[in-house]
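Report on one structure; see the data block that follows.
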Amino acid sequence: MGERELIDDVAGEPLGRDFFDRPSEVVAPDLLGRVVVHGSVAVRLSEVEAYGGPGQDPASHTYRGRTPRNAVMFGEPGHLYVYFTYGMHYCANLVCMPAGTGSAVLLRAGEVVAGVHTARIRRMPHADGPGMEGLARRVPDRDLARGPARLTVALGLVREHNGTDCCSGGPIQVHEGRPVPPAQVRTGPRTGVSAGADTPWRFWIDGDPTVSPYRAHVPRHRGRTAR
DNA sequence: GAGCTGATGGTCT
DNA sequence: GACCATCAGCTCG
């Protein structure tokens, strides 16, 4: 079975814009078990986080209103919001609610269900050569998309994909996959978020090995320590 | 395995 | 100029 057929087999039909035209905290648990497809790589989501709109959610990029950076979050639902963080990582979100709302769901982790080789090379590009197969194999399958930055790399998403419409038959789509029964969905505080940590808007599949390890927010202290 | 740390640059106040 | 929705690589046990 080729990768295209494999994706069709596990992913099912693409989700329409109506799916995303709902509050992010409603869309988020419904995204678990869904399959994000970009080219030959498909990732089944196991962990997501919901972020609210201006003035509602201090953890959200849109909390202080619209800026050039977060403009995509105020656009149509079903679009991709890709941003750069920590000076070296990209994270991907799916925009929710009607245009102007400013809410989205962060894709935190998932399982690579198709295009494993491609995802592995993206994670370790220097291992794509003769004799380097052993090095590439050092990344366990379950770690390929375990964490928001790793998931973004595995799917091949970059800054240029910011604003991409995932509901118009383009190269990036979200497919129906196999939704997760509510009994298997766990909720808790969001990871690494300093503000709004009391809002239990992190959703993950109970017992799934690809869920990223929880880390509470640790305040950074930089520039003051003697080195 | 857990725990720590350095790397790195865009964004916003 | 402080803050980040992070990760890889290293120690230690």
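Since the structure is predicted, the reported quantities are computational estimates derived from the model, not experimental observations. Each chain gets a letter, A, B and so on, in the order its sequence line appears, and its residues count up from 1.
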If the cut-off is 4.0 Å, is A:Arg146 near the phosphate of C:dC7, judged by side-chain N/O to OP1 or OP2? no
Watson-Crick and G-U pairing of DNA chain B, under 3.5 Å, as dot-bracket with | and [ ]: |||||||.||||.
Do A:His61 and A:Tyr51 make the cut of ring centroids closer than 6.0 angstrom? no
Can you give me the N/O atom pairs linking the protein to nucleotides 11-13 of chain B at distances under 3.5 Å, or say none if there are none?
unit_1 : atom_1 : unit_2  : atom_2 : d
B:dC12 : OP1    : A:Thr67 : OG1    : 2.5
B:dT13 : OP1    : A:Arg64 : NE     : 3.3

Side chain to side chain donor-acceptor pair (under 3.5 Å), that's the test. Do A:Arg159 and A:Tyr90 meet it? Break it down for me. CA-CA 7 Å; A:Arg159 195 197 314 253; A:Tyr90 292 100; 3.2 Å; yes
Check whether A:Glu176 reaches the backbone of A:Ala11 with its side chain - one donor and one acceptor, N or O, closer than 3.5 Å. no
Tell me the interatomic distance from A:Glu47, atom CD, to C:dT6, atom C1', rounded to whole angstroms. 13 Å
Using the six-membered ring of A:Phe20, assess whether NZ or CZ of A:Arg22 lies under 6.0 Å from its centre and within 45 degrees of the ring axis. no
Can you tell me if A:Arg123 touches the phosphate of C:dC7, counting only side-chain N or O atoms and a distance under 4.0 Å to OP1 or OP2? no
Residues that A:Ser103 engages under side chain to side chain donor-acceptor pair (under 3.5 Å), provided they are two or more places apart: none
For DNA chain B, which residues in residues 87-100 of chain A have a heavy atom at a distance below 4.0 Å? A:Gly87, A:Met88
Separation of A:Arg142 atom CZ from B:dG1 atom C1', in whole Å? 11 Å
Which residues share a side chain to side chain donor-acceptor pair (under 3.5 Å) with A:Arg17, sequence neighbours left out: A:Asp165
Can A:Glu49 and A:Arg108 be counted as an ion pair, charged N to O under 4.0 angstrom? yes
Pairwise salt bridge (Lys or Arg N to Asp or Glu O under 4.0 Å) hits with a residue in residues 143-153 of chain A, at least two apart: A:Asp143-A:Arg146
Between C:dA5 atom C1' and A:Tyr63 atom OH, what is the distance in whole Å? 17 Å
What is the distance, to the nearest angstrom, from the CG atom on A:Leu144 to the P atom on C:dA8? 11 Å
Looking at the base of C:dA5, is there any donor atom on it, or on the side chain of A:Tyr86, that sits under 3.5 Å from an acceptor on the other one? no
Integer-rounded Å distance: C:dA5 C1' and A:Leu45 CG: 16 Å
